[in-house]
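Read the structure below first, then the notes.
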Amino acid sequence: MYHEKQSKQLCLLHSLNNLYQKEVFQQKVLDGICSVLSPDTFFSPHRSILGLGNYDVNVMMKAVQVMGHEAVWFDKRLHPSVLVLKHVVGIILNMTTSSYIPPFHRKHWIAIREVGGKFYNFDSKLKVPIEIGDESHLKSFLVEKLKTNEVEMFIVVEEDTHKSGSWKNS
């Protein structure tokens, strides 16, 4: 399994590469996406002013589109049981984490995907990916994560799957 570990504030970069199970993106590519999203600004509102990463949701969504996929925001009023996982490339979570300087908080990106019939948490802060288990274990894991306002979930799907809505049960 491919697993990038945390460097600087590049958790979005690592989560994307972990999602695709290879180095697809580099920091300069995500920085380029920031420039495309805000071409007339000196300091991009889509990343850290220091250039260390800390990319926002717009960068994630555009990067996924570069791969021919769509990132669909998951409405937390729905239950994860609506997911049709055979039509899902992976899941990206954006979670609020505590900072070294209270009361400030940071956002952290993690990827979840299936490898060899089991789902794994590819958090770049982990030494190795952690096995979540089968579909039922994944859905239980997601229920727990989504109980808080500190987590947003994005379902990564093929463009056609997004258009048809076949990633979820009606």
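The first residue in the sequence is number 1, and the count goes up from there.
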Leu142 with Val157, same ILVMFWY side-chain cluster at under 4.5 Å: yes
If the threshold is 4.0 Å, N to carboxylate O, is there a salt bridge linking Lys125 and Asp123? no
Taking Leu146's backbone N and O only, do any of them form a donor-acceptor pair with Glu144's side chain (distance below 3.5 Å, no angle check)? no
Shortest non-hydrogen contact from Phe25 toward Leu13: O-CD1, 3.2 Å
Please name the pair of heavy atoms, one in Lys107 and one in Cys11, separated by the smallest distance, quoted to 0.1 Å. O-SG, 4.2 Å
Are Tyr20 and His69 close enough that their ring centres sit under 6.0 Å apart? yes
Counting only heavy atoms not in Lys76 (residues, nucleotides, ligands), do more than 12 fall under 6.0 Å from its NZ? yes
Under a 4.5 Å cut-off applied to non-hydrogen side-chain atoms, are Lys145 and Leu93 in contact? yes
What's the shortest heavy-atom distance between Met60 and Ala71, and which atoms? SD-CB, 3.6 Å
Using a 4.5 Å cut-off on heavy atoms from C-beta on, say whether the side chain of Phe122 contacts that of Met1. yes
Determine the minimum heavy-atom distance between Ala63 and Leu30, stating which atoms define it. CB-CD2, 4.1 Å
Do Phe74 and Phe154 land in one hydrophobic cluster if side-chain heavy atoms of ILVMFWY residues count as linked below 4.5 Å? no
Working note: Asn94 + Glu152, criterion side chain to side chain donor-acceptor pair (under 3.5 Å); need CA distance, chi angles, decisive distance, verdict. CA-CA 5 Å; Asn94 187 237; Glu152 294 298 328; over 6 Å; no
Does some side-chain heavy atom of Tyr2 sit less than 4.5 Å from a side-chain heavy atom of Asn18? yes
Check whether any side-chain heavy atom of Phe141 sits under 4.5 Å from a side-chain heavy atom of Asn121, and report yes or no. yes
Between His137 and Ile132, the two heavy atoms sitting closest are CB-O, 3.3 Å
For the residue pair Phe119 and Glu131, establish whether any side-chain heavy-atom pair is separated by less than 4.5 Å. no
Would Leu10 and Gln27 count as a side chain to side chain contact (heavy atoms under 4.5 Å, CB included) here? Give the steps. CA-CA 8 Å; Leu10 297 172; Gln27 184 175 0; 3.8 Å; yes
Note: Glu70-Lys163 ion pair, threshold 4.0 Å (strictly below): no
Using only atom types and a distance under 3.5 Å, with no angle test, would you say the side chain of Glu150 pairs donor to acceptor with the backbone of Met95? no
Identify all side-chain donor-acceptor contacts of residues 79-92 below 3.5 Å with residues at least two apart in sequence or on another chain.
from	atom 1	to	atom 2	distance (Å)
His79	ND1	Ser81	N	3.0
His79	ND1	Ser81	OG	3.0

Under 4.5 Å between side-chain heavy atoms, hopping through other hydrophobics if needed: is there a path connecting Ile155 to Val151? yes
Interatomic spacing from CE in Met153 to CG in Asp75 - rounded to 0.5 Å: 10.0 Å
Glu4 CD to Ser15 OG distance, which is reported to the nearest 0.5 Å: 9.5 Å
Just distance, no hydrogens or angles: give the donor-acceptor pairs under 3.5 Å from side chains in residues 109-116, sequence neighbours left out.
from	atom 1	to	atom 2	distance (Å)
Trp109	NE1	Tyr55	O	3.2
Arg113	NH1	Leu19	O	2.6

Flag the pair His162 / Glu159 as yes when at least one side-chain heavy-atom distance between them is below 4.5 Å, and no otherwise. no
Linking I/L/V/M/F/W/Y whenever their side-chain heavy atoms sit closer than 4.5 Å, directly or via other members, would Leu12 and Leu126 fall into one cluster? no
Heavy-atom nearest pair, Ser7 first then His14, reads N-NE2, 3.1 Å
Could you tell me the separation between the CD atom of Glu135 and the OG atom of Ser140, rounded to the nearest 0.5 Å? 11.5 Å
In the single-linkage hydrophobic clustering (I, L, V, M, F, W, Y; side-chain heavy atoms under 4.5 Å), do Val64 and Trp73 co-cluster? yes
Derivation and outcome, side chain to side chain contact (heavy atoms under 4.5 Å, CB included), residues Ile130 and Tyr120: CA-CA 5 Å; Ile130 293 179; Tyr120 289 85; over 6 Å; no
